[in-house]
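Scroll down for the structure; my scribbles are underneath it.
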Amino acid sequence: MASTNPARGTRDFLPADIRKREYVIGIIKEVYESYGFEPLETPAFENLETLTGKYGEEGGQLMFKILKRGEKLDIANAKKVADLADLALRYDLTVPLARVVADKRDKLPKFFKRYQIQPVWRADRPARGRYREFYQCDVDSIGSTSPLVEAELISAAAEIFERLGFTDYVFRLNDRKRLSKMVSDAGIEASLETDAMVALDKLDKIGEEGVLNELQARGISREAAGRFLSFAKDPEAAPQSETIAKVVSLLRSSDRIKDDPSLARGLSYYTGMIIEVNVPDLPGSLAGGGRYDGLIGMFGKEQIPACGISLGLERILVVMDERGMFPPEVADSTPADVMVTVLDEETAAETIKLAAELRAAGLRVTVYPDADKLGKQLKYADSLKVPYVCVLGESELAEGKVTLKDLRTGEQESLERENAIKKLGAAIRWKA
RNA sequence: GCGGCUAUAGUUCAGUGGUUAGAGCGCCUGAUUGUGGUUCAGGAUGUCGAGGGUUCGAAUCCCUCUAGCCGCCCCA
């Protein structure tokens, strides 16, 4: 038998999963909209040349490339990847945004604030909380170098975490320019700057001693490595960042914002502030971002400054699941408020009519499809956790009534149709 | 990319060379011909991941492949 697993590193989202995802995405959209960010969507795939060279060497390897089609596909004479593939699946949301901005500058506002919630694909090896298809929720502000941009992005992201019910998140802030100064002040050669940052990025994971060893392994002297690390450990000792000071002064003072000179972040396109959001019980981050004033210029047109934050939807969902942070109507979602029974094929038309009346009253109504025994129908309703059942059989039809049963209490009563509809409408509205 | 573990009913798992492969949960039927969630009685369900090998005999031992999980590397 062929495997019925979804492709490696991908997932099927069952109804309960979707309810949770939509709840979180709904809050993210609401908050971003309230800050004046506008939605953007870009294609699932891009021209290969749009994406190549934007993510460093590693990134290129992890891109899902799409084979050329028809006559253009000449496997026998292909010498390099570009001979075989001409398209690739979206690898992140930032580069497509940069392309859109470079391409449609004239159609976009001078300061373009956009959010984008779409899947991206990476041909990575899957691991816990890591997939080959996953969603990113990006929010970016294009066109201004003002620290007000950073402050607003941080403020919006913080509001999202508050609304979702997080009480222990921390925003760590650092500055790429300050990191460069830390490198030079420590006496590390400029050519080893990237190595120093890659090693520093692992501080949480491998500890101080581990970072010192890694710095030395990358050709940095013990003394320089020690000085570098002492800056990283102490915001007072480290060179001061004007940007961080300005951004912090613009935000309402909060112990959730932390100046952290040890924060590095992998991506090479950041040019100024870098941001990461952490919670204590998760090794990685819930969100990350920073300023990238050079990326849009890579498309060869105008150099336009930009800054953004990306929320890690999958990780937010994992933490919320583990902590039971979903409200009951999301965690215990049901497909309908009420189910209407069918006891006889002859009366099915009446069942459909009643269902339509209930829907007109604003209820979510499902109809049992077969004329099975009543016990079976009730059992089914119970398995769906539908709270109410309308029993509509011969005896009810003869009297022009309907039997309304509350599956949670087991109570039931025989009511005139319009009373049953009124009562259900009130019960469900009360709940909502 | 490297190392380790796993694959048996719908599902979670037991079964270390010997008849006809088991259990919990779930599912179906009945007690209850129109009343679920509890209970009781009964019932169905397997290419033992795929392919090859060893053996009188393989779910069990060996090899290959595939898939899943856990570390490392890297990343969100």
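This is a predicted model, so every value here is computed, not measured. Letters A, B, ... mirror the listed sequences (proteins, then strands); counts begin at 1. Every heavy atom of this structure was used, including side-chain atoms; hydrogens, water molecules and symmetry mates were not.
Within 4.0 Å of R125(A), counting heavy atoms only, lies at least one base atom of the nucleic acid.
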Between the protein and nucleotides 42-45 of chain B, which nitrogen or oxygen pairs come in under 3.5 angstrom?
none

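Residues forming a side-chain contact (heavy atoms from CB on, under 4.5 Å) with D370(A) (at least two apart in sequence, or on another chain): Y368(A), D372(A). Every residue two or more places apart in sequence or in another chain was checked for a salt bridge (charged side-chain N to carboxylate O under 4.0 Å, His left out) with D103(A), and none qualifies. Residues satisfying the side-chain contact (heavy atoms from CB on, under 4.5 Å) criterion with A360(A), sequence neighbours excluded, are absent altogether. Among residues two or more places apart in sequence or in another chain, the side-chain contact (heavy atoms from CB on, under 4.5 Å) test is passed with S180(A) by E193(A), M197(A). Residues passing the ring pair (Phe, Tyr, Trp, His ring centres under 6.0 Å) test with F166(A) are F161(A), sequence neighbours excluded.
Only the P atoms considered, G26(B) is 25 Å distant from G34(B), to the nearest whole Å. Comparing the C1' positions of G46(B) and U20(B) gives a spacing of 14 Å, expressed to the nearest Å.
At least one side-chain heavy atom of I142(A) sits less than 4.5 Å from a side-chain heavy atom of L97(A).
Across the strands present, G42(B) finds its partner in C28(B); the criterion is a Watson-Crick or G-U wobble pair with both atom distances under 3.5 angstrom. Of the nucleotides present, U66(B) is the one that pairs with A7(B) by Watson-Crick or G-U wobble criteria, both distances under 3.5 Å. Judged by Watson-Crick or G-U wobble contacts below 3.5 Å, the nucleotide U16(B) has no partner. Base pairing analysis places U47(B) opposite nothing; no Watson-Crick or G-U wobble pair with both distances below 3.5 Å involves it.
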Validation: residues 306-316 of chain A side-chain donor-acceptor distances under 3.5 Å, sequence neighbours left out:
unit_1, atom_1, unit_2, atom_2, d
S310(A), OG, D138(A), OD1, 2.6
E314(A), OE1, R11(A), NH1, 3.0
E314(A), OE1, R11(A), NH2, 3.3
E314(A), OE1, R21(A), NH1, 3.1
E314(A), OE2, R11(A), NH2, 3.3
E314(A), OE2, R21(A), NH2, 3.2
E314(A), OE2, Y135(A), N, 2.8
R315(A), NH1, S285(A), O, 3.2

Output side-chain donor-acceptor pairs under 3.5 Å for residues 385-403 of chain A, partner residues at least two apart or in another chain, one line each.
unit_1, atom_1, unit_2, atom_2, d
Y388(A), OH, R408(A), NH2, 3.1
E396(A), OE1, G393(A), N, 3.0
E396(A), OE2, T403(A), OG1, 2.6

Q: Let me have a per-nucleotide readout for nucleotides 31-40 of chain B, 5' to 3', with B, S or -, counting only protein heavy atoms under 4.0 Å.
A: ---BBBB---
